[in-house]
Amino acid sequence: MRLRAFVLKVALPLIILALGGFAMVALIGSRGAPQREQTAAAGALVETMKARRSTHRVIIIATGTVQARSEAALAPQVSGRIVETSSDLLVGGLFEKGDLLFAIENADYRLAVQRAQAALTRTQLDLQTMQGQARVARREWERLGLDGDPDPLVLYEPQLESARADVKSAQAQLDQALLDLERTRISAPFNGRIARKEVDLGQYVNAGSTAVLFAGTDRAEVIIPLPIEDLARLKIPHPGAERPGSEALVRLRLGTAVFEWSGRIARSLGEVDPQGRMARVVVNIIDPYNLKQTWPAENPSLEPGMFVTVELKGEYLDDVVPLPRKALRSNDSVWIASEQNTLKIRPVEVVHREEQIVYVRGDIEEGDRIILTPLPGAAAGMKLRQRKENR
C-alpha cells in the first residue's frame, strides 16, 4: 500500500513532467525558421480638397453701435415762462421739421414790437421834416444867387445824415423786436425725436439754457473699426467726391429673429486708433425708424445704442483660390498631394483673409489636391495616402 501511494504521489508526476519536456524539445527542433516579409510604407493619411479658381467679392464683417446722424441741443434764444407745449414733448416723442415743440409767453415781446414801430414812425417823420427844411434852404440859396457851393450846414446835410441814421437804427430795433417775438416759438429744426428734455409747461427758461436734446430720425450711423489693410478693398467717399461708398448690410439680432437694413459707407473718420491700429468708417442708414416705410413693416426701429453686425461689400477679386484657413501653412504656403501621392510645397500670395476662408494666388492649378491635414515634420516628397476629398 505504501509503495502504491508513493508511486501515485511522487513518481507519476515526475514521469509526466519528463515526458512533457521531451515532447517540447522535439517540437522546437522540428520548427522551421520564419519567412521575412517586405511591407511597403503606407504613407501619412491626409484629407484633401480640389483647388477651384473663381471670382470672389470681398465681404468684410464688422460690428458697431447705432447712433443718430444728426443731434442738436436746442436752447431758446429768449427768456420767459413756457405757456404752451406739444403733446409729444416727451422723451421719445417724434416730430417733423417745423412742428412746434413749446412756446414762451410773448406779451413783453409784442409790446417791444409796438414800441419799436412807434420809434420808427417818429424817426421817419423827423427825416421827412429835415428833408423839407433842406429843400427850402437850397431854394433860398439859389434865390440869393450867391457864388460858390453852399456850406453843408446851410443845406442841413449833417442833420439829414443823422435823421437817416436814426431811421435805420429804429428799423433795426423793430427787426430785432420782431425776431425776438418769433423766437418765442421753438420748433423742430429737422425730422427727429426727443432724446432728452429739461423743460415743461409753466417753467421759466433763460436764453441759452438747453431745453431739449433733439436727435434726427431720417438717418442713423454706425461707426465700425476696421483693420487698415481692409480699407483698400472698400470704396470710401472723400469730401466732395461723387462716387458712392461701398454697400453695407446691417443686421440686428433680437432673440432668434434677425432684421436687416441696407446702408452705405458715408465717410472715414480720418484717424487710426494708436492701440489697436484700427481705422474707423461710418455706415449711413436711411429711415432707421421705418417712418417712411423704406423697410418691411415688421422691422423694429433701429435706435441709438443698439449693437449691430455690419456686412461690407467690397471689390471683386479675380482668379483667386478660396481655401480654408487650416490649409494655409507657415510662410504663406500650401501643401499639395501630387499624382504620385507625394507632398509638394507651394508658396502662395494671400490676397484677402476672412474669418474662415483665405483667398490666394500662386502656382496652383485647377484641380490640384490641397492637403488639409496637419503633418508634423512635413517635408517635400513625403509619402501620402488619401483619406477623403472635400468637394
Side-chain angles (χ1 to χ4, degrees), residues 70-91 93-141 149-216 218:
S70 302
E71 194 171 76
L74 302 184
Q77 293 176 275
V78 295
S79 301
R81 183 172 59 90
I82 296 177
V83 294
E84 182 184 356
T85 62
S86 168
S87 58
D88 293 324
L89 189 65
L90 303 166
V91 174
L94 296 171
F95 292 84
E96 293 185 358
K97 181 179 180 180
D99 287 350
L100 177 69
L101 299 178
F102 61 90
I104 294 172
E105 186 178 21
N106 63 8
D108 293 340
Y109 300 98
R110 286 189 287 105
L111 292 174
V113 169
Q114 293 176 8
R115 288 193 296 269
Q117 287 174 335
L120 176 62
T121 301
R122 187 164 50 251
T123 57
Q124 288 173 338
L125 290 174
D126 291 343
L127 176 60
Q128 291 175 3
T129 300
M130 193 59 61
Q131 288 173 337
Q133 293 177 351
R135 286 194 297 270
V136 171
R138 178 166 289 280
R139 285 197 299 268
E140 186 66 21
W141 178 269
D149 294 327
D151 189 279
L153 290 173
V154 173
L155 300 180
Y156 292 90
E157 290 183 3
Q159 295 87 334
L160 281 173
E161 289 299 321
S162 177
R164 292 189 185 100
D166 290 342
V167 170
K168 290 182 180 180
S169 176
Q171 182 65 59
Q173 290 177 5
L174 176 59
D175 292 342
Q176 182 64 57
L178 290 171
L179 186 59
D180 289 344
L181 179 61
E182 182 182 345
R183 286 171 174 172
T184 60
R185 300 181 66 82
I186 288 78
S187 302
F190 43 79
N191 298 334
R193 56 182 283 274
I194 303 296
R196 189 180 74 244
K197 80 181 185 79
E198 306 290 345
V199 297
D200 216 329
L201 186 65
Q203 183 175 342
Y204 186 90
V205 292
N206 291 311
S209 60
T210 299
V212 296
L213 182 63
F214 197 73
D218 286 345

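Atoms considered below: every heavy atom in the structure, side chains included; atoms not considered: hydrogens, waters and symmetry mates. Sequential numbering from 1 along the given sequence is applied to the chain's residues.
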With sequence neighbours left out, write down each residue that passes side-chain hydrogen bond (donor to acceptor under 3.5 Å, both in side chains) with Asp218, or none if nothing qualifies.
-> Asn191
To the nearest 0.5 angstrom, please state how far the [atom1] atom of [X] sits from the [atom2] atom of [Y].
| X | Y | atom1 | atom2 | result |
| --- | --- | --- | --- | --- |
| Arg110 | Glu105 | CZ | CD | 9.0 Å |
| Arg193 | Glu71 | CZ | CD | 9.0 Å |
| Leu127 | Lys168 | CG | NZ | 10.5 Å |
| Glu182 | Asn106 | CD | CG | 12.0 Å |
| Thr210 | Lys197 | OG1 | NZ | 14.5 Å |
| Ile186 | Glu84 | CD1 | CD | 10.5 Å |

Would the distance check show the side chain of [X] and the main-chain N or O of [Y] forming a donor-acceptor pair, the cut-off being under 3.5 Å?
| X | Y | value |
| --- | --- | --- |
| Thr85 | Phe102 | no |
| Thr123 | Ala119 | yes |
| Gln203 | Asp200 | yes |
| Ser169 | Ala165 | no |

Is there side-chain contact between [X] and [Y], with heavy atoms separated by less than 4.5 Å?
| X | Y | result |
| --- | --- | --- |
| Val212 | Arg196 | no |
| Leu101 | Ser86 | no |
| Met130 | Gln133 | yes |
| Leu174 | Val113 | yes |
| Arg185 | Arg183 | no |
| Leu89 | Ile194 | yes |
| Val205 | Ile82 | yes |

How close do [X] and [Y] get, counting heavy atoms only, and between which atoms?
| X | Y | value |
| --- | --- | --- |
| Ala195 | Ala215 | CB-CB, 4.4 Å |
| Ser79 | Tyr109 | O-OH, 2.6 Å |
| Pro76 | Ala211 | CD-CB, 4.1 Å |

Results of side chain to side chain contact (heavy atoms under 4.5 Å, CB included) for Asp108 - residues two or more places apart only | none
Would you list the pairs meeting ring pair (Phe, Tyr, Trp, His ring centres under 6.0 Å) in which at least one residue belongs to residues 187-212, sequence neighbours left out?
-> Phe190-Phe214
Please determine which of Asp180, Thr184, Val199 meets the side-chain contact (heavy atoms from CB on, under 4.5 Å) test together with Ile104.
-> Thr184
Using a cut-off of 6.0 Å, state whether more than 12 heavy atoms not belonging to Glu198 lie near its atom CD.
-> yes
